[in-house]
2 protein chains.
Amino acid sequence: MAQNDKNTEQRILDAAGEVFHSKGFDGARMQEIAQHAGINKGLLHYYFKTKDALFDAIFGIALNQIVSRINIILEQDLSLDEKIDLIVDQYMDLLLKNPMLPRFVLNELNKNADKFIARHFNQKVKSSFSKFPISVNEEVSKGAIRFIDAHQLFTDLISLVMFPFVGKPMLQTVFGTDNNEYKKLLEARKSHIKEFLKAAMRV
Amino acid sequence: MAQNDKNTEQRILDAAGEVFHSKGFDGARMQEIAQHAGINKGLLHYYFKTKDALFDAIFGIALNQIVSRINIILEQDLSLDEKIDLIVDQYMDLLLKNPMLPRFVLNELNKNADKFIARHFNQKVKSSFSKFPISVNEEVSKGAIRFIDAHQLFTDLISLVMFPFVGKPMLQTVFGTDNNEYKKLLEARKSHIKEFLKAAMRV
DNA sequence: GTCTATATCATGATAGAC
DNA sequence: GTCTATCATGATATAGAC
């Protein structure tokens, strides 16, 4: 029983992840999730009483994938350069494996910011982020980098990493590239962003 | 009649814009659009036979707002620096007035890329973009900027401009800022991005 | 645990009076 | 053109057999 339970529940979570990530809460259908999981609607509701409950499970996983990484990195005792490189590398790896993650999270977060922010963006995130401006300002006063506002720099960093995934359909069309070429551009971005940021920060 | 027609139709378009932009196609309700416009569902369907037809009108306007600007700028005979500055200024202005535009467009574009891309991203966009890499490569060979892949640079540019709007709920929470402070950060971004890009491109 | 009905409700869309 | 019903569909959720 426990064995079967786990398998079915995991299959449901996998299926729900795929469907919610690609269609969002409003566009997702319980029927489609059931199909993907190879079960029927009745059983789906047996495991997750409501669509909302199932969604919350999926969203929690997704948000955690995004938030936990940054938490861990910012908590470590590293130089600003090292922190930036780690963030770029880890997020690019994460997003190359889950390209729909940022669009899904940002979109749902936007539709219902208060609810999810209160639940998942706890004080820990804010307090570990607060160390980033300190690092930046230290480097600025040492003269190691030119003056940059820490919030703007963090925004730049996250933008450069995440947007190419969110904006794929648009950029790909403008460039006239196919999926393969675009994927190469994304893979090349890891080193590009690191160089780009370093260059932008030089005094 | 023509007078009243136009007023009602315009009120519908305004209302539909608000609702579609904030909730997306799947989350939007004809009932809510009718309410916003101060009419009832029957009349709404009289002006736009189906939800799809109404959505197409709204999406076309939105996509055009984004695409037309870049088209015009890239067609002009300007230096790379001037082009970049113009794109940053014009898009930041556009998005500060319509903060939900990029998320709306990118999201819907993603759910149904083929359909909309074929209809709206015509050959004109691609051909006017093709001039961007030429400008970049010229500057590189002149030694005016360091070597940068043109596609990456364009991706950087659009990312830096658009992402802060798409990612507002996340960044705002991480920063712990209220709406007013975040708006100031966005307004300050115009000059920040221009400086940042210049610095990153320096040899 | 898993399936097959079925209840319930919301939504897009239409018909028809004014 | 505008409104008030009303229809038809499809989706979530539940009940109950196995």
Side-chain angles (χ1 to χ4, degrees), chain A residues 1-62 104 107-108 111-112 115-116 119, chain B residues 1-62 104 107-108 111-112 115-116 119:
Chain A
M1 175 190 122
Q3 179 68 15
N4 258 332
D5 263 10
K6 199 161 194 180
N7 285 335
T8 303
E9 184 171 346
Q10 193 54 51
R11 281 222 312 283
I12 290 175
L13 288 173
D14 292 346
E18 277 185 50
V19 176
F20 278 133
H21 283 214
S22 71
K23 309 204 167 175
F25 178 84
D26 294 321
R29 296 288 164 253
M30 294 297 268
Q31 170 62 31
E32 192 182 353
I33 294 172
Q35 267 170 231
H36 265 247
I39 59 173
N40 56 39
K41 282 192 291 178
L43 190 55
L44 183 54
H45 280 281
Y46 172 79
Y47 277 88
F48 294 88
K49 204 135 189 52
T50 66
K51 186 183 179 184
D52 275 277
L54 179 53
F55 178 80
D56 281 355
I58 297 301
F59 190 76
I61 295 169
F104 169 64
N107 218 42
E108 301 297 337
K111 282 194 297 200
N112 217 332
K115 182 180 160 198
F116 297 124
R119 192 179 309 168
Chain B
M1 176 190 121
Q3 181 64 14
N4 258 330
D5 261 11
K6 199 161 195 180
N7 284 337
T8 303
E9 183 170 347
Q10 194 53 50
R11 281 222 312 284
I12 291 175
L13 288 173
D14 292 346
E18 276 185 52
V19 176
F20 277 133
H21 283 215
S22 71
K23 309 205 166 175
F25 178 84
D26 294 321
R29 296 287 165 255
M30 294 297 269
Q31 169 63 32
E32 192 182 351
I33 293 172
Q35 266 170 232
H36 265 247
I39 58 173
N40 55 38
K41 280 196 293 178
L43 191 55
L44 183 54
H45 279 282
Y46 171 79
Y47 277 89
F48 293 88
K49 204 136 190 50
T50 66
K51 186 183 180 184
D52 274 278
L54 179 53
F55 178 81
D56 280 357
I58 298 300
F59 190 76
I61 294 168
F104 169 64
N107 218 40
E108 301 297 337
K111 283 194 297 199
N112 216 332
K115 182 179 159 197
F116 297 125
R119 192 179 308 167

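What you see below is based on every heavy atom in this structure, not just the backbone, and it leaves out hydrogens, waters and symmetry mates. Letters A, B, ... are given to chains in the order of the sequence lines, protein chains preceding strands, and every chain is numbered from 1.
- Distances shorter than 4.0 Å separate some side-chain N or O of A/Y47 from OP1 or OP2 on C/dT2.
- For an aromatic pair to be called close, the ring centres must be under 6.0 Å apart, and A/F20 with A/F104 fails this.
- Salt bridge annotation for B/D26-A/K23: absent, with no cationic side-chain nitrogen under 4.0 angstrom from a carboxylate oxygen.
- In this structure, A/A34 reaches neither bases nor backbone, as no heavy-atom distance under 4.0 Å exists between it and the strands shown.
- Contact annotation: A/N40 does not reach the phosphate of C/dT2 (side-chain N/O to OP1 or OP2, under 4.0 Å).
- Figure legend: cation-pi geometry between B/K111 and B/F25 absent, as NZ or CZ is not positioned both under 6.0 Å from the six-membered ring centre and within 45° of its axis.
- Separating the CE atom of B/M30 from the C1' atom of D/dC3 is a distance of 16 Å, rounded to the nearest angstrom.
- In terms of phosphate contacts, A/T8 brings no side-chain nitrogen or oxygen within less than 4.0 Å of OP1 or OP2 of C/dG1.
- Between B/R29 and the phosphate of C/dA10, there is no side-chain N or O to OP1/OP2 separation shorter than 4.0 Å.
- Rounded to an integer number of Å, the gap from CD1 of B/I39 to C1' of D/dT4 is 14 Å.
- Listed pair B/Y46 / D/dG1 meets the phosphate criterion, a side-chain N or O lying under 4.0 Å from OP1 or OP2.
- Remark: C1' of C/dT11 and CG of B/D52 are 14 Å apart, rounded to the nearest angstrom.
- In this structure, A/L43 atom CG and D/dG16 atom P are separated by 18 Å, rounded to whole Å.
- When the C1' atom of C/dG1 is taken as reference, atom CD of A/E9 falls 13 Å away, rounded to whole Å.
- What you find for B/I33 and B/I12 is that their closest heavy atoms are CG2-O, 4.4 Å.
- Between A/H45 atom NE2 and D/dA11 atom P the separation is 12 Å, expressed in whole Å.
- At whole-Å resolution of the value, CD in A/Q10 and P in C/dG1 are 15 Å apart.
- Summarising the geometry of B/A62 relative to B/H21, their closest heavy-atom pair is CB-NE2, 4.2 Å, with the distance given to 0.1 Å.
- Between the CZ atom of A/F55 and the P atom of D/dT12 there is a distance of 14 Å, given to the nearest Å.
- Among the protein residues, B/A53 comes within range of no part of the nucleic acid, since none of its heavy atoms lies under 4.0 Å from any strand.
- Taking only side-chain nitrogens and oxygens, B/K41 never comes nearer than 4.0 Å to OP1 or OP2 of D/dC3.
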